[in-house]
2 protein chains.
Amino acid sequence: MKKRANLRDVAQRAGVSVATVSRVMNTPARVSPDTRNRVEAAMSDLRFTPSAAARAINTGRTQTVAALLPTLANSTFARFADGLEARLGAFGLSLVVATTGEDPEVELARARQMLNIGAEAIIVTGASQSADFRAFVERHMVPTVSVSLFQQDAWLPTIGYDNQKAVLLALDHLMQLGHHKIAVVHGPHGHNDRTRIRLEALKQAEVAANGALTFRYFEAPFSVQGGSEAAARLLAQRGDETAVLAFTDVLAGGVIHRLHSLGLKVPQDFSVVGMEDLPSSASLYPPLTTVHLPVRRMGEQAAEALAQWLDNGIRPDHQELPIELAARSSSVARQT
Amino acid sequence: MKKRANLRDVAQRAGVSVATVSRVMNTPARVSPDTRNRVEAAMSDLRFTPSAAARAINTGRTQTVAALLPTLANSTFARFADGLEARLGAFGLSLVVATTGEDPEVELARARQMLNIGAEAIIVTGASQSADFRAFVERHMVPTVSVSLFQQDAWLPTIGYDNQKAVLLALDHLMQLGHHKIAVVHGPHGHNDRTRIRLEALKQAEVAANGALTFRYFEAPFSVQGGSEAAARLLAQRGDETAVLAFTDVLAGGVIHRLHSLGLKVPQDFSVVGMEDLPSSASLYPPLTTVHLPVRRMGEQAAEALAQWLDNGIRPDHQELPIELAARSSSVARQT
DNA sequence: ATGAAAGCGCTAACAC
DNA sequence: GTGTTAGCGCTTTCAT
């Protein structure tokens with residue numbers, strides 16, 4: 001088993017210099033067709049595969065961008081990653097993904113790994129990274145953007161939507177339908193600033209309403225199962241809530257499922273609204289009222305922002321993506 | 001704007017040699033605490049970030065593996081990628097993903113790009129790549145495995161399930177419930193060998209049944225919307241089918257949705273079975289009978305196989321993953 | 001159009 | 001425990 005062929009081997013075999021071989025790969029037009037053919041034949045004979053590392057060391061570019069995501073096993077992040085990857089590809093950039101499980105220590109470790117393998121830029125979720133993470137990014141001066149929220153005063157450029165606006169869109173919808181006793185189903189907020197922002201917005205609304213609005217909060221894992229359990233708890237100790245506001249469509253789906261299996265009807269017994277607008281949400285039973293969040297688009301925007309940052313060295317501005325309510329059949333006016 | 005600091009800069013500042021600096025990074029134990037501190041201080045002062053490329057050129061390893069997937073915006077591939085990434089991470093490997101949209105030309109182009117950025121191994125979906133793709137892989141001798149199917153005679157090591165078995169599991173279930181006129185809803189099979197294998201298995205079963213079993217086939221895009229349209233076509237020209245066999249849960253979900261909105265009941269009017277077993281499938285209305293495919297596990301297995309291949313140079317064996325029927329409420333005995 | 005030669009930033013013998 | 005030095009495989013002037 002002989003070692004991998006390199007430029008010199010090819011040059012020797014083709015009877016040219018290494019410079020010429022390099023030119024065949026990078027600027028074929030500057031090589032005469034004749035020699036070009038000889039070189040290509042030699043490459044092929046020797047099964048030549050150029051070394052990415054050697055190239056990168058010279059050009060100083062790896063064409064690689066890293067995304068640090070809580071998980072991929074979740075439609076939101078998966079669709080985000082899909083949009084991101086597609087758009088990065090158009091710029092000749094590749095996407096390496098690392099999942100963090102929302103653990104700040106893992107996030108830092110993965111960021112370190114990403115730089116170790118040569119990532120030129122990083123994308124993170126949310127803007128509440130650990131102090132160490134922040135120090136790390138600043139020390140290495142690696143272009144980094146945050147997605148999933150739009151927040152002018154964040155330490156990173158943020159590309160996302162206004163989470164406060166989003167939850168209030170859902171709330172206003174329910175209030176206009178006459179609901180004012182609402183069960184709120186949300187995920188863990190320990191390391192999730194999107195959830196925190198949404199909760200905070202609701203608490204402010206509750207205060208502002210001065211008694212005309214009351215919430216009962218149910219925390220549950222970010223899954224269909226979690227939503228289902230939250231609904232079970234809601235009914236086990238039933239109050240006078242007439243609606244459920246879930247922070248994600250997945251949770252909403254779980255809620256609806258459990259309500260159904262306990263013999264209740266949506267929207268007759270409970271109006272349910274979600275947030276996100278998964279592709280499948282319009283086909284739930286009943287079709288889910290939700291706040292549409294442009295996740296795929298967010299991926300594309302993040303790709304553009306980073307591609308330009310890498311290109312011209314100018315840190316991008318924050319970007320707010322539009323959101324809107326998708327009113328469907330899971331919510332109706334309160335039954336009086 | 002001065003250039004990025006390198007090993008020599010750090011060495012100079014710390015008053016040591018480059019070798020010592022290198023040691024501080026790689027074998028800190030072999031450096032006296034005193035000098036180690038000086039070096040670390042210098043690194044920090046100069047905001048030193050080691051060059052991944054330079055390291056890779058010396059070690060010959062990039063610690064990077066590439067996955068070529070049709071899309072990430074699909075729970076199956078996303079969960080696969082999640083398992084893959086998590087397990088690769090445990091081996092110190094990073095995952096770069098590239099989406100192909102099931103286009104063989106794109107697949108080849110992306111494979112090329114993956115090698116250009118230094119991927120040490122490749123994961124592809126299915127085993128029916130173009131001849132060019134195959135030539136490419138063989139020419140560069142890059143370790144490559146195929147997932148989503150198990151097929152002993154494939155040109156690549158395959159890690160997946162037996163698609164024929166899978167579809168027959170669903171079919172047998174329906175037949176045992178007394179269904180023998182079945183609508184089959186499947187995705188496009190142009191470049192998708194999993195779909196082709198499943199269709200082929202059904203055709204064989206149809207022949208073997210010798211008239212006791214008949215299928216009507218509906219091709220639709222791989223989406224809820226696609227399943228919905230297929231159901232509309234099924235009803236527009238209604239035959240005497242009593243059951244629907246969908247090749248994916250997503251399609252099954254679309255079918256059920258449309259049946260409902262046209263006033264039909266599942267499973268009373270139609271039994272519906274899917275394939276895949278998405279996390280949400282048990283919470284559909286009604287809970288979906290489906291064939292459970294261990295997608296996340298497949299990602300983990302692929303990671304193991306590649307990690308070992310890169311480690312010991314031995315091409316892995318094919319691996320068959322277990323599948324099973326998850327019988328739920330969307331299918332019942334034929335109403336007589 | 002082609003070649004010679006100087007690095008790119010790091011690792012790994014090998015020597016002290 | 002630390003330093004010297006020879007590469008790793010390529011790109012890129014600068015000549016010719």
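Here is the naming used below: chain letters follow the sequence lines, and residue numbers restart at 1 for every chain. Everything numeric in this text was worked out from a predicted model, so none of it was measured.
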Angle of first-five versus last-five pair axes in the helix from C/dA1-D/dT16 to C/dC16-D/dG1, to 10 degrees: 30°

Check: B/Q151/B/D153 side-chain N/O donor and acceptor closer than 3.5 Å: yes

Least distance between heavy atoms, B/T125 atom then B/R194 atom: CG2-NH2, 3.2 Å

Set of residues satisfying side chain to side chain contact (heavy atoms under 4.5 Å, CB included) with respect to A/A78, sequence neighbours excluded: B/A78

Among C/dG9, C/dG3, C/dT11, the nucleotide that comes nearest once only the side chain of A/V16 is considered: C/dG3

A/S32 and A/D34: side chain donor to acceptor below 3.5 Å: no

A/A305 to A/Q319 - nearest heavy-atom pair and separation: CB-NE2, 4.4 Å

Out of C/dG9, C/dT11, C/dT2, whichever nucleotide has its closest atom nearest the side chain of B/I57: C/dG9

Donor-acceptor contact below 3.5 Å, side chain A/D193 vs main chain A/S128: yes

OP1 or OP2 of C/dC10 under 4.0 Å from side-chain N/O of B/N58: no

B/Q301 side-chain N/O to B/I159 backbone N/O, donor-acceptor pair under 3.5 Å: no

Stretch residues 20-34 of chain A: residues that reach within less than 4.0 Å of DNA chain D through a heavy atom: A/S22, A/R23, A/M25, A/N26

Partners passing side chain to side chain contact (heavy atoms under 4.5 Å, CB included) against A/E300 (at least two apart in sequence or in another chain): A/R87, A/R296, A/R297

All salt bridge (Lys or Arg N to Asp or Glu O under 4.0 Å) counterparts of A/D9, not counting sequence neighbours: A/K3

First-last contacting nucleotides on DNA chain D - partner chain B, under 4.0 angstrom, heavy atom: D/dG1 to D/dG9

